[in-house]
Protein chains: 2
Amino acid sequence: MHKEHTLTKNQQIIFDLIDKSPEPLKAYSILFNVQKKGIKAPPQVYRALDKLVEMGKIHKIESRNAFIACHNSSCQVAKATAFSICEICEKVTEISSAGLSKYLANFKDKDGMKYSKYNLEFFGLCKKCR
Amino acid sequence: MHKEHTLTKNQQIIFDLIDKSPEPLKAYSILFNVQKKGIKAPPQVYRALDKLVEMGKIHKIESRNAFIACHNSSCQVAKATAFSICEICEKVTEISSAGLSKYLANFKDKDGMKYSKYNLEFFGLCKKCR
DNA sequence: TACATAGTGTTATATTATAACAATTTAAAT
DNA sequence: ATTTAAATTGTTATAATATAACACTATGTA
């Protein structure tokens, strides 16, 4: 178990915004929303995002270039992420399934290779959109 | 079984390039490589890429913004993709594991929802890079 | 033929992300 | 407390990725 990270000012501002958002946020949308708090330029946003991702506080949804907060308190989630994405309303939900994460964490390819990290994105229609 | 797609001129040029490449290619790298063949502007490349992805002839590696040819003859691969990515040399391999695809195709989340499509990216070190 | 659909060529621009460098803050170590 | 190293910040500029919009051409089919 590693030390709890304390967020820096910019990290905290940006994390709070993402954490409050019901949907994944894109970097420039974050930028526009935090300009009133003094964060004026893209590198400030991207640096904070990078650190937050490293810490596992947020995750990047690769297929959408957007970021959501992690609500999974597990330490491993930064290295083992799974999401469901609705192709209509774009709602994104982090999947936490012990079965799934166990299966993937133990998955070995043909050469017997195991992996240290994975990201899985499922696509379909959410309940509302069916 | 749907009709075999015949590739159009631009699609064929771009598919051939990707298919011959040992590594994933990025859109602008493709563009530079096909300019001598008369494909001069980004939209021509992106349009061909979009169609090729739709057809399942190539896949996009989301975490890398790059494209590789599908060598999996299965019809389902466009909707069910898994890759291993070496974090040192960036080698990318498409994983074809019946067990894995069966597991994921049948995966249901907490709400009992099934998904029509998924993309999985594993990260680690390949044999050479360990 | 004529009509619809898909593909092409082109210019411009939107969106996403990083390089580079100076200044400041923080943490830790004498 | 003072110094030092490391991390963070602020800033400008620019790179890299991707799409909008519109005119035109090719292809398939009624």
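In the text below, chain A, chain B and the rest are named by the order of the sequence lines, each starting its count at 1. All heavy atoms count here, side chains included; hydrogens, waters and symmetry mates do not.
Between A:Y118 and B:F122, the ring planes lie perpendicular to each other; the angle is over 60°, past the 30° to 60° tilted range.
Residue A:K9 has a polar side-chain atom (N or O) positioned under 4.0 Å from OP1 or OP2 of D:dG10.
With salt bridges taken as basic N to acidic carboxylate O contacts below 4.0 Å, one links A:K117 and B:E87. Between B:R64 and B:E90 there is a salt bridge, since a side-chain N of the basic residue sits under 4.0 Å from a carboxylate O of the acidic one.
Between the P atom of D:dT9 and the CG atom of A:N10 lies a distance of 4 Å, rounded to the nearest Å. Rounded to whole angstrom, the span from the CD atom of A:Q44 across to the C1' atom of C:dA17 amounts to 15 Å. Separating the OH atom of A:Y46 from the P atom of C:dA19 is a distance of 13 Å, rounded to the nearest angstrom. As rounded to whole Å, 17 Å separates atom P of D:dA16 from atom CG of A:N65. We find that CD of A:Q11 is positioned 15 Å from C1' of D:dG10, with the value rounded to whole Å. Put simply, CG on B:D50 is 16 Å from P on D:dT17, counting in whole angstrom units. The CD1 atom of A:I14 sits 9 Å away from the P atom of D:dT9 (whole-angstrom rounding). At whole-Å resolution of the value, CZ in B:R47 and C1' in D:dA18 are 13 Å apart.
In this structure, the side chain of B:D19 does not engage the main chain of B:F15 through any donor-acceptor pair within 3.5 Å.
Remark on DNA chain C: of its neighbouring residues A:P42 and B:K51, the 5'-side contact belongs to B:K51, judged by nearest-heavy-atom nucleotide.
Checked by distance alone, B:Y28 brings a side-chain donor or acceptor within 3.5 Å of a matching partner on the base of D:dA18.
Side chain of B:T8, nearest nucleotide from D:dA18, C:dG9, C:dG7: C:dG7.
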